[in-house]
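Single-structure report; data block below.
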Amino acid sequence: MSEERSLNFLEEIIEDDIKNGRNDGRVHTRFPPEPNGYLHIGHAKSICLNFGLALKYNGKTNLRFDDTNPETEETEYVESIKEDVKWLGFNWENELYASNYFDELYAFAVKLIEKGLAYVDDSSPDEIAAQKGSPTEPGTPSPYRDRTIEENLRLFSEMKDGKYLDGEKVLRAKIDLSSPNMHLRDPLMYRIRHAKHHRTGDKWCIYPMYDFAHGQSDAIEKITHSICTLEFIPHRPLYEWFIDKLDIFPSRQYEFARLNMTYTVMSKRKLLQLVNEGFVNGWDDPRMPTISGLRRRGFTAASIRDFCDRIGVAKRENSIDVSLLEFCIREDLNKKAWRRMAVLDPIKLVITNYPEGEEILHGENNPEEEGGGGSRDIPFGRELWIEREDFMENAPKKFFRLAPGLMVRLKHAYIIKCDDFVKDESGNITEVHCSYFPESKSGQDTSGIHVKGTIHWVSIPHAVTAEVRIYDRLFRSEDPAANGEDFKELINPESLQTIPQIYIEPDLAKAEQGVGYQFIRKGYFTLDKDSSAGKLVFNRTVSLKDTWAKEVKKG
RNA sequence: UGCCCGAUAGUAUAAAGGUAGUACGACGGUUUUUGGUACCGUUUGUCUAGGUUCGAAUCCUGGUCGGGCAACCA
């Protein structure tokens with residue numbers, strides 16, 4: 001709180017507006033998704049921005065579905081969007097739909113026709129495109145541009161009544177065919193689409209275009225700050241033109257740079273292809289940058305909010321390093337996740353001087369949690385699973401694990417010394433033999449022995465099995481979108497690695513979905529929805545930072 | 001060869017004419033019963049050329065580079 005944070009450009013605008021008494025100091029934003037796909041991390045930036053601004057300035061935020069294109073929009077998407085926004089921790093003021101305003105929008109269009117500012121055009125799409133000219137050449141008027149108001153009124157009404165086929169006629173605004181801004185060269189306002197709408201059904205066969213719906217919806221809701229992404233900058237004069245000619249509430253549009261992230265694609269169209277063409281297993285595949293994918297992967301809402309806070313808001317194009325997202329989830333989970341032990345690649349360890357039978361040890365749930373977070377029981381015995389990579393026959397000098405003659409501590413248990421190992425006929429190590437120091441028990445160590453390394457383990461007779469899914473980045477390239485439509489060629493073939501059987505400590509049999517666990521020394525994991533009573537499946541959310549792996553790579 | 005937006009360490013983001021700072025990354029170290037965490041340190045930057053000014057990342061002009069705009073998508 002004491003830390004003063006500089007304002008982003010939108011906060012500056014809002015504070016300025018409040019200071020000047022604009023809108024009576026009222027702040028009302030909106031988050032306007034089109035229900036034609038699942039929300040992704042880029043939307044999270046927009047959500048955090050819109051809801052965050054309202055929260056900060058004591059305002060409100062509407063959730064408004066921009067559903068003016070019946071051909072691509074579905075209720076399934078509406079539901080997922082609502083779930084994701086809620087999960088992120090935000091509450092909208094009103095759940096609204098652009099389709100709620102179809103009657104008003106129609107009346108607005110009639111009003112513009114009456115003012116001589118809109119006309120029905122019978123030109124084909126190609127003809128209209130030609131009429132618009134090019135950025136360097138002015139457009140030419142449609143032969144239908146000067147129809148009388150009465151004729152336009154009649155024709156538009158007939159369009160609404162279903163008298164024409166798709167594409168036969170459109171309604172266009174009459175603005176300026178020689179404008180240097182292409183969007184002002186008599187843009188389309190309405191098109192004919194005999195399609196069933198997810199909300200209005202068959203009531204309408206004409207649908208407003210984005211430009212004739214968005215600003216007016218903002219105005220109807222008295223949105224004060226309509227925040228969108230950079231590509232809408234050239235639309236702003238049109239947004240203002242409609243508001244001005246219709247004489248409705250003057251909402252204002254502001255634009256910020258959308259989020260891009262390394263090693264991922266961030267367009268709904270591309271994500272849809274990944275889903276439809278089977279490169280991933282659905283919108284919520286844990287490798288997807290969707291909110292639902294991240295959630296299934298084990299990301300917390302808090303970590304995503306923190307990420308959105310750290311990336312900032314500005315108007316320049318950007319590409320955020322995924323490592324920042326990974327930092328955010330590690331930071332959050334470090335504080336929250338319960339520590340547990342799991343062996344992913346097992347090798348058998350025998351403590352030769354340990355008696356038959358078991359002993360119950362105790363392990364802290366989370367050393368980072370204030371007050372300790374309690375502890376759980378861990379059965380220990382003579383035969384344990386340990387990680388194969390924690391033993392080396394010929395260890396390099398800085399290897400602080402097991403090798404003949406070396407000592408390590410078994411986490412929450414005893415210090416052991418490696419005496420011997422067993423190999424099978426093909427040279428694979430099958431067993432490691434150690435002796436333990438009874439007086440070195442964790443928490444009551446009087447042995448005086450100091451070891452550099454600690455390794456995790458699971459008691460063989462008590463071990464529970466599970467499947468684990470290890471994820472890597474979906475793309476091999478830092479900027480897959482730069483490859484255009486061929487982005488799919490850059491998919492990382494090793495983005496999903498399934499380990500069918502790992503050994504986990506018995507307490508983990510009680511694992512629940514939506515909870516993050518740290519498998520000590522291995523990473524953060526969470527229970528996947530594919531789990532069933534007889535089969536536990538864990539997703540690795542993110543690995544732990546691993547400076548040893550880095551050391552090894554350096555050689 | 002039109003119009004619009006933008007340009008600060010590797011990546012983001014501050015500095016509103018007055019010491020270029022912060023985070024992530026990278027690198028090194030201390031602590032540690034997780035090679036985790038925590039803590040400390042190091043490294044690297046104002047696109048360019050002029051101009052205004054005592055003083056410019058900031059203001060002005062030209063250039064360069066990047067992005068967007070000519071869907072009956074949003």
Side-chain angles (χ1 to χ4, degrees), chain A residues 5-8 12 32-34 36 66-69 71-73 98 121 123-125 128-139 166-172 179-183 185 188-193 206-207 209-211 213-214 228-237 255 257 262 268-269 310-328 330-331 334-335 339 341 364 367-368 398-401 408-413 415 440 442-443 445 450-456 518-523 543-552:
Chain A
R5 243 258 221 159
S6 50
L7 303 177
N8 65 46
E12 282 177 5
E34 183 187 10
N36 67 346
D66 222 333
D67 56 350
T68 57
N69 183 358
E71 294 179 323
T72 56
E73 296 154 4
D121 194 339
S123 306
S124 70
I128 289 177
Q131 287 159 17
K132 288 195 179 181
S134 76
T136 50
E137 296 159 293
D166 285 7
E168 215 177 318
K169 287 181 165 44
V170 292
L171 183 70
R172 284 229 255 173
S179 171
N181 182 339
M182 300 298 290
H183 294 275
R185 320 247 268 222
L188 270 61
M189 292 164 59
Y190 268 91
R191 76 291 212 181
I192 300 171
R193 272 302 99 96
I206 57 171
Y207 292 93
M209 300 290 291
Y210 166 86
D211 286 307
H214 203 98
C228 61
T229 45
L230 257 27
E231 67 269 27
F232 291 98
I233 289 176
H235 294 246
R236 196 192 325 132
E255 311 86 9
T262 56
K268 270 197 264 184
R269 223 190 79 255
R310 287 169 183 270
I311 58 179
V313 180
K315 295 190 75 154
R316 74 183 83 102
E317 303 280 342
N318 61 80
S319 178
I320 305 289
D321 203 320
V322 269
S323 65
L324 181 61
L325 218 209
E326 291 176 352
F327 166 83
C328 291
R330 284 192 185 110
E331 183 170 74
N334 177 52
K335 290 179 293 191
R339 312 291 126 122
M341 293 197 285
E364 269 182 302
E368 304 300 323
K398 278 160 76 183
F399 185 77
F400 307 134
R401 307 180 190 180
V408 293
R409 172 172 296 280
L410 291 170
K411 182 75 181 171
H412 303 308
I415 291 173
S440 69
S442 188
D445 185 348
H450 289 283
V451 292
K452 202 84 162 128
T454 299
I455 64 172
H456 59 280
Q518 186 197 103
F519 291 180
I520 290 175
R521 301 208 305 141
K522 298 301 324 177
S543 66
L544 254 26
K545 244 170 72 181
D546 192 345
T547 50
W548 170 246
K550 216 180 276 181
E551 189 82 18
V552 170

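Reckoned from all heavy atoms, side chains included, excluding hydrogens, waters and symmetry mates. In what follows, chains are A, B, ... by sequence order, proteins preceding strands, each numbered from 1.
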Under 4.0 Å between a Lys/Arg side-chain N and an Asp/Glu carboxylate O for [X] and [Y]?
X	Y	value
A/Arg310	A/Glu331	yes
A/Arg339	A/Glu364	no
A/Lys545	A/Glu326	no
A/Arg409	A/Asp445	yes

Quiz item: [X] side-chain donor-acceptor pair to [N] base, under 3.5 Å:
X	N	result
A/Arg401	B/G35	yes
A/Arg310	B/U13	no
A/Glu368	B/G36	yes
A/Arg409	B/U33	yes
A/Thr454	B/U34	no

Inter-nucleotide [atom1] distance ([N], [M]), Å rounded:
N	M	atom1	value
B/G41	B/G21	P	14 Å
B/G25	B/G10	C1'	7 Å
B/A14	B/A70	C1'	38 Å
B/A16	B/U8	C1'	16 Å
B/U37	B/U31	C1'	11 Å
B/U30	B/G36	P	13 Å
B/A15	B/A9	C1'	15 Å
B/U64	B/G29	C1'	43 Å

For [X], report the nucleic acid contact type (base, sugar-phosphate, nothing); a contact means any heavy atom under 4.0 Å.
X	value
A/Gln518	base
A/His183	sugar-phosphate
A/His235	base
A/Val451	nothing
A/Gly443	base
A/Arg185	nothing
A/Ser123	base
A/Ser179	nothing
A/Arg269	nothing
A/Phe400	base
A/Thr68	sugar-phosphate
A/Arg193	base
A/Phe399	base
A/Ser323	sugar-phosphate

Any strand counts, and the cut-off is 3.5 Å on both contacts for Watson-Crick or G-U wobble. Which nucleotide pairs with [N]?
N	value
B/U11	B/A23
B/C69	B/G2
B/G28	B/C40
B/G62	B/U48

First encountered from the 5' end of RNA chain B, between A/Gly312 and A/Lys522: A/Gly312
Earlier contact from the 5' end, RNA chain B, for A/Pro234 and A/Glu71: A/Pro234
Side-chain heavy atoms of A/Asp66 within contact of A/His214, under 4.5 Å: yes
Minimum side-chain heavy-atom gap A/Met341-A/Phe519 below 4.5 Å: no
Going by atom types alone, do [X] and [Y] pair a side-chain donor with an acceptor below 3.5 Å?
X	Y	answer
A/Asp211	A/His235	yes
A/Arg172	A/Gln131	yes
A/Ser179	A/Asn181	no

Under 4.0 angstrom between [X] side-chain N/O and [N] OP1 or OP2:
X	N	value
A/Lys268	B/C73	no
A/Lys545	B/U34	no
A/Arg191	B/A74	yes

A/Trp548 over B/G35, stacked by centroid distance under 5.5 Å, angle under 30°: yes
Atom-pair distance ([atom1] on [X]; [atom2] on [N]), nearest Å:
X	N	atom1	atom2	answer
A/Phe327	B/G36	CZ	C1'	14 Å
A/Arg316	B/C47	CZ	C1'	13 Å
A/Asn318	B/A12	CG	P	6 Å
A/His456	B/G35	NE2	C1'	13 Å

